[in-house]
Amino acid sequence: MMLSGAAKIAGVMGWPIDHSRSPCLHGFWLNNHRIDGAYIPLAVAPEHFSSVLIGLSRSGFRGVNVTVPHKEQAYRSCDTVDEDAKRIGAVNTIVFGEEGQIHGSNTDAFGFIENIRQYADFIGGKSVVLGAGGAARAVCVALLDNGATEIQLINRTIERAQKLASELGSKISVCNWKTRHDALLDAAILVNTTSLGMVGQPPLDLTLDLLPTSAIVSDIVYVPLETNLLAKARARGNNVVDGLGMLLHQARPGFEAWFGVRPEVTDDLREFVLKP
Ligand code: ATR
């Protein structure tokens, strides 16, 4: 699609940015909806983040996504932030106001739960979350807001899990990494937010014997799409939800704010984004 002088422009700030799938996914929606607009990768080193952000806010950009390693710095750089960004302590979506105000939000919790809802029926209950990084924070916020009665948070570095639990409230209890297999008893949902199982990383060593077969199992790793955890869970009858949908759904609110159209996550989009 050719751009006019009135084209709506957005992008994604990261460092590095060349592996980001966001330009591809927003490009798919822009093309499908025949929008006079563009979404471009922006390679921004950490030391230049805040000056580039201010520059973009004064350049006619509608807004930007923010990815690794800038999400926490983005949180500190915004004029206003939404409630989820405050709870997660990070911003992934920025909308510039007409006078250049910088408004930050975090759509990762939304992306996580929308992805679960697309494939499974989560009605709440005991939840088990592996990992305690930024992704775990978003997953815990989503689970707490959608009926989790308790969350057992399990991380190799226990102090990180304890910090997350103390910040997000009393429904989260911390378990030792060694006891991860036993924590699965009575769980309604199990989510891996660690990098274990990702291409190039060690496998996730987890025995599923105690996990009810009625539990939903999700992995935020999506390379490979079917991780060992998901394959094992599927084989014993659990409903599994892969991690690609979280990436796709978290992009929807930004796209709607910048380009004025509410986009959908479809099988066509999944295929398009997975193409090498
Ligand atoms: P993100 O922000 O994407 O969640 P992160 O902050 O780097 O990424 O978190 C990665 C998660 O994977 C952490 O929970 C990390 O555990 P630690 O907090 O102990 O580092 C977990 N992780 C990475 N490699 C691991 C390994 N070999 N064994 C167990 N956990 C691992």
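Because the structure is a prediction, the values reported are computed rather than measured.
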Open item on the list: If we count only N and O atoms by modelled type, under 3.5 Å, do the side chains of N106 and Y75 hold a donor and an acceptor together?
Closed with: no
Open item on the list: For a 4.5 angstrom cut-off between non-hydrogen side-chain atoms, does L274 reach E271?
Closed with: no
Only distances under 3.5 Å count here; give the side-chain donor-acceptor pairs of residues 117-135 to other protein atoms, sequence neighbours excluded, each with its distance to 0.1 Å.
residue	atom	partner	partner atom	Å
R117	NH1	E114	OE2	2.9
R117	NH2	N146	OD1	2.7
Q118	OE1	H249	NE2	2.6
Q118	NE2	V265	O	3.4
K126	NZ	A183	O	2.8
K126	NZ	L185	O	2.6
S127	OG	G125	O	3.4

Open item on the list: Looking at Q101 and E99, would you say the former's side chain and the latter's main chain have a donor-acceptor pair under 3.5 Å?
Closed with: yes
Open item on the list: I need the minimum non-hydrogen distance between A142 and A109, along with the two atoms involved.
Closed with: CB-O, 3.4 Å
- [ ] Answer whether the closest heavy-atom distance between the side chains of L204 and T227 falls below 4.5 Å.
- [x] no
TODO: Is it possible for you to say whether F28 and I35 belong to one hydrophobic cluster, with membership spreading through side-chain heavy-atom contacts below 4.5 Å?
DONE: yes
Task: With sequence neighbours excluded, residues passing side-chain hydrogen bond (donor to acceptor under 3.5 Å, both in side chains) with N155 - done: none
Open item on the list: Quick one, I189 and I116 - any side-chain contact, counting heavy atoms below 4.5 Å?
Closed with: yes
Open item on the list: Is the shortest side-chain heavy-atom distance between F61 and I40 below 4.5 Å?
Closed with: yes
Task: Electrostatic pair E167:K163 at N-O distance under 4.0 angstrom - done: yes
Task: In one Ile/Leu/Val/Met/Phe/Trp/Tyr side-chain cluster, 4.5 Å: L230, I154 - done: yes
Task: N/O donor-acceptor pair under 3.5 Å between D79 side chain and H103 backbone - done: no
Task: Close side-chain approach of W258 to N65, heavy-atom, < 4.5 Å - done: yes
- [ ] Identify, with sequence neighbours excluded, every residue that meets side-chain hydrogen bond (donor to acceptor under 3.5 Å, both in side chains) alongside N239.
- [x] none
- [ ] Please name all residues satisfying side-chain hydrogen bond (donor to acceptor under 3.5 Å, both in side chains) with R236, sequence neighbours left out, ordered by chain then number.
- [x] N238
Open item on the list: For V141 and F112: C-alpha separation, side-chain torsions, deciding distance, then whether side-chain contact (heavy atoms from CB on, under 4.5 Å) applies.
Closed with: CA-CA 10 Å; V141 163; F112 171 76; over 6 Å; no
- [ ] Identify the heavy atoms of A187 and A215 that sit nearest to each other, and give their distance.
- [x] O-CB, 3.4 Å
Open item on the list: According to a hydrophobic-cluster definition based on side-chain heavy atoms being under 4.5 Å apart (Ile, Leu, Val, Met, Phe, Trp, Tyr only), do F110 and V66 belong together?
Closed with: no
- [ ] Answer yes or no: is there a side-chain heavy-atom contact under 4.5 Å between I172 and C140?
- [x] yes
Task: Test side-chain contact (heavy atoms from CB on, under 4.5 Å) applied to L229 and L190, step by step - done: CA-CA 10 Å; L229 169 66; L190 162 67; 4.1 Å; yes
TODO: From the options R87, R137, R252, K71, select the one residue that forms a salt bridge (charged side-chain N to carboxylate O under 4.0 Å, His left out) with D108.
DONE: K71
Task: Heavy-atom pair with the smallest gap, counting every atom of A85 and D82 - done: N-OD1, 2.9 Å
Task: T213: partners by side-chain hydrogen bond (donor to acceptor under 3.5 Å, both in side chains), with sequence neighbours left out - done: none
- [ ] Could you tell me which non-hydrogen atom of H181 sits nearest to which non-hydrogen atom of T207, and how far apart they are?
- [x] ND1-N, 3.0 Å
Open item on the list: Using the rule that Ile, Leu, Val, Met, Phe, Trp and Tyr join whenever any side-chain heavy atoms are under 4.5 Å apart, tell me whether Y39 and F255 fall into a single cluster.
Closed with: yes
Task: E226 atom CD: more than 12 heavy-atom contacts under 6.0 Å - done: yes
Task: Over all atoms of both residues, closest heavy-atom pair of L53 and S77 - done: CD2-CB, 3.8 Å
TODO: Please answer: with hydrophobic residues joined when any side-chain heavy atoms are less than 4.5 Å apart, are L269 and F259 in the same cluster?
DONE: yes
TODO: Please examine the side chains of V217 and L211, heavy atoms only from C-beta on, and report whether any two atoms are closer than 4.5 Å.
DONE: yes
- [ ] Compare every heavy atom of A138 with every heavy atom of I88, then report the nearest pair and how far apart it is.
- [x] CD1-CA, 3.8 Å
Open item on the list: Less than 4.5 Å apart, side chain to side chain, heavy atoms only: is that true for F96 and L56?
Closed with: yes
Open item on the list: For the residue pair N92 / T107, report whether a side-chain donor-acceptor contact shorter than 3.5 Å exists.
Closed with: yes
Return all side-chain donor-acceptor pairs below 3.5 angstrom for residues 7-20, not counting sequence neighbours, or 'none' if the list is empty.
residue	atom	partner	partner atom	Å
S20	OG	S22	N	3.1

- [ ] State whether the side chain of S4 and the backbone N or O of A6 hold a donor-acceptor pair below 3.5 Å, judged by distance alone.
- [x] yes
TODO: Check the pair V223, R21 against side-chain contact (heavy atoms from CB on, under 4.5 Å), reporting the backbone distance first and the verdict last.
DONE: CA-CA 12 Å; V223 186; R21 303 307 286 163; over 6 Å; no
Open item on the list: Has W29 got a side-chain atom pairing as donor or acceptor with E264's backbone, closer than 3.5 angstrom?
Closed with: yes
- [ ] For the pair R180 (side chain) and R156 (backbone), establish whether a donor and an acceptor sit closer than 3.5 Å, ignoring hydrogens and angles.
- [x] no
